[in-house]
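Below is one structure, written out as structure tokens; the observations come after it.
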Amino acid sequence: MSEEKKSLNFIEQIIEEDLANGLPKEKLRFRFPPEPNGYLHIGHAASICLNFGLGLTYNAPVNLRFDDTNPAKEEQEYVDAIKHDIQWLGFKWDKELYSSDYFQQLFDWAIEFIKEGKAYVDNQSSEEMAKQKGTPTEHGTDSPNRNRSIEENLDLFMKMKSGEFNEGSHVLRAKIDMKHVNMHMRDPIMYRILKKHHHRTGDDWCIYPMYDWTHGESDYIEQISHSICTLEFKSHRDLYDWYVDQVYDTNLLRPKQREFARRNLSYTVMSKRKLLQLVEEKIVTGWDDPRMPTISGLRRRGYTANSIRTFSETAGISKRDNVTDVALLEHCIKDDLNKTAPRVMAVLDPVKVIITNYPEDKEEILTAENNQEDENAGFREVPFSKEIYIEKEDFREEANKKFFRLKLGKEVRLKNAYIIKAESCIKDENGEVTEIHCTYDEDSLSGSGSEASKRRVKGTLHWVSIKHARKAEVRVYDRLFTHEAPDSQKDKDFKEFINPDSLNVIEAFVEPSLKTAKNLDRFQFQRLGYFCVDKDTTANKLVFNRTVPLRDSWAKMGQ
RNA sequence: UGACCUAUGGUGUAAUGGUAGCACUCCGGUUUUUGGUAUCGUCAGUCAAGGUUCGAGUCCUUGUAGGUCAACCA
């Protein structure tokens, strides 16, 4: 047992401090609060792993609360997708809740605010109010409606609620301080009129509470001890505290908001708005396009939940802006799949090999190890015959000593099969090799134990028997953007950096054992990379997505 | 011309006044029936200047750089 002490991140340190200062451990409670207006991405995964991870380490409940206060943008489709993604990531929430569950309570509190002179109805235009709001360096000025009587406020607010006013004509504002240095404290809007159908409350309401007014009170209602969000909400904290303090009963727990830096990944974008744009403009095929950094995209690409959790854990959390190298994510999936993915042979760019001294109609069923990293993975059968495909790049008529693959007059090992020697090749009018004629060493069968089978040959190639191979569509993905931080260039639109070669569709040949592969099954195509069965697969057509290529030190040598 | 936040190898993070560590990337060696994996190793860092202290990445001051804040969005 290694007793290495894991260092705490700054959120855990805050919790430890609170515990040390008397917060009972059983009062610990967290929440993950997505707005159902888009799909979850790898950045959200950081937050999910943080919050649910805290729940696990402290044995505390974690609520899933949909922040659904804006019916103009939110949809049930997103709610369903978000729930699926969180479950797929392997986390269980305590209660499934909605901010809209608290609309009545929020409304009742708003009435109290009005009665206590802490809120008023304003019927100026948004432009007027914006002007009065001031700037970060100049004070705001009071609204002419700031000192309406309580009776008038109550009357107007009830009329807002009953639908007597048009959208945009009236708002309820908290009466705080128009001269506050924090702009969020300059009489923020609590309610606006929105005559929209809500995915849960239907047409019950035509006034909807704003985020700030809703979020802290929701945390308070649920008795969330630590409300963790991203850095851009830091300046909202004053307002969060102010709202909670107005209703806070000292017998109850007062939630605490703390902020961490959102996780950015190189060569992609993380804002929901931009991801939506990629979807709507059909730059990608959908939210789950395997090139998207969404959870659903990564899943379809072949990423495991485990690899995403490991990534979030390894990347850690802090308060500084960051762009994490996508190589770390790729390392996490390769590490996971190396241990778990069955090995299989597939040829993506085929050239025909004829083994001239192999009997014409002979077929052999060879045995292949499924995964040498996993002794329980077992073996499978792979058919062999006189004509096979190998990769074009695995043959050269002549090459220097660093080329371990097939070349005229030299031998290579066919993985799980025989040692072959290239004797000659046939080329078309363009000089392209179309056929390679080889001889095989009959005694060299892999695993046969014969003297010849133990001969050391430098190169080993993967292959498929032409007669037995299945055709498959293979989608070879590359990064979606050519720039490390596509949305960091102030004078350029992120779409200028779209990689035109982010998808390459190939017709490949795969070994017949793959015919039963099902959606989301993951394999290592030996010597090539990890591949995952796509949902477009049908009974007649196999489709694979390339998750990530294997490390290729040959290519790195500049070959 | 304000308030707040943040500055540690190329990247992401640790060190809570006491030996600057880990992971990824890169590069090199060994092993290998995957040019994979594994394994060993190399290079590489405290934004700057002052101050406090026996001792500062850590505390203080002043700079510098980056970020956030002025939606009836969240």
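Just so it is clear, the values below take in all heavy atoms, side chains as well, and ignore hydrogens, waters and symmetry mates. Naming: A, B, ... by sequence-line order, numbering from 1 per chain.
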Between the side-chain atoms of [X] and the base atoms of [N], is any donor-acceptor pair under 3.5 Å?
{"X": "A:Arg413", "N": "B:rU33", "result": "yes"}
{"X": "A:Glu373", "N": "B:rG36", "result": "yes"}
{"X": "A:Gln372", "N": "B:rU37", "result": "no"}
{"X": "A:Arg455", "N": "B:rU33", "result": "no"}
{"X": "A:Arg343", "N": "B:rU34", "result": "yes"}
{"X": "A:Ser446", "N": "B:rU33", "result": "yes"}

Query raised in the report: Out of B:rG35, B:rU25, B:rG12, which has the shortest distance to the side chain of A:Arg263?
Result: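 Shortest atom-to-atom distance from the side chain points to B:rG12.
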Query raised in the report: Is there a residue in residues 179-194 of chain A whose heavy atoms reach under 4.0 Å of RNA chain B, and which residues are they?
Result: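 Residues of residues 179-194 of chain A that come under 4.0 Å of RNA chain B are, in numerical order, A:Met183, A:His184, A:Ile189, A:Arg192.
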Requested in this report: Determine the Euclidean distance between corresponding C1' atoms of B:rC69 and B:rG45; express it in Å to zero decimal places.
Outcome: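 After rounding to an integer number of Å, I get 32 Å for this pair.
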Query raised in the report: Under 3.5 Å, is there a donor-acceptor pair linking the side chains of A:His170 and A:Asp122?
Result: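 The answer is no; no qualifying pair exists.
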Report task. Please state how far atom CZ in A:Arg273 lies from atom C1' in B:rA74, giving the value in whole angstrom units. Result ->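 It works out to 14 Å between those atoms.
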Requested in this report: Please confirm whether A:Phe531 and A:Phe523 have ring centers closer than 6.0 angstrom.
Outcome: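 No.
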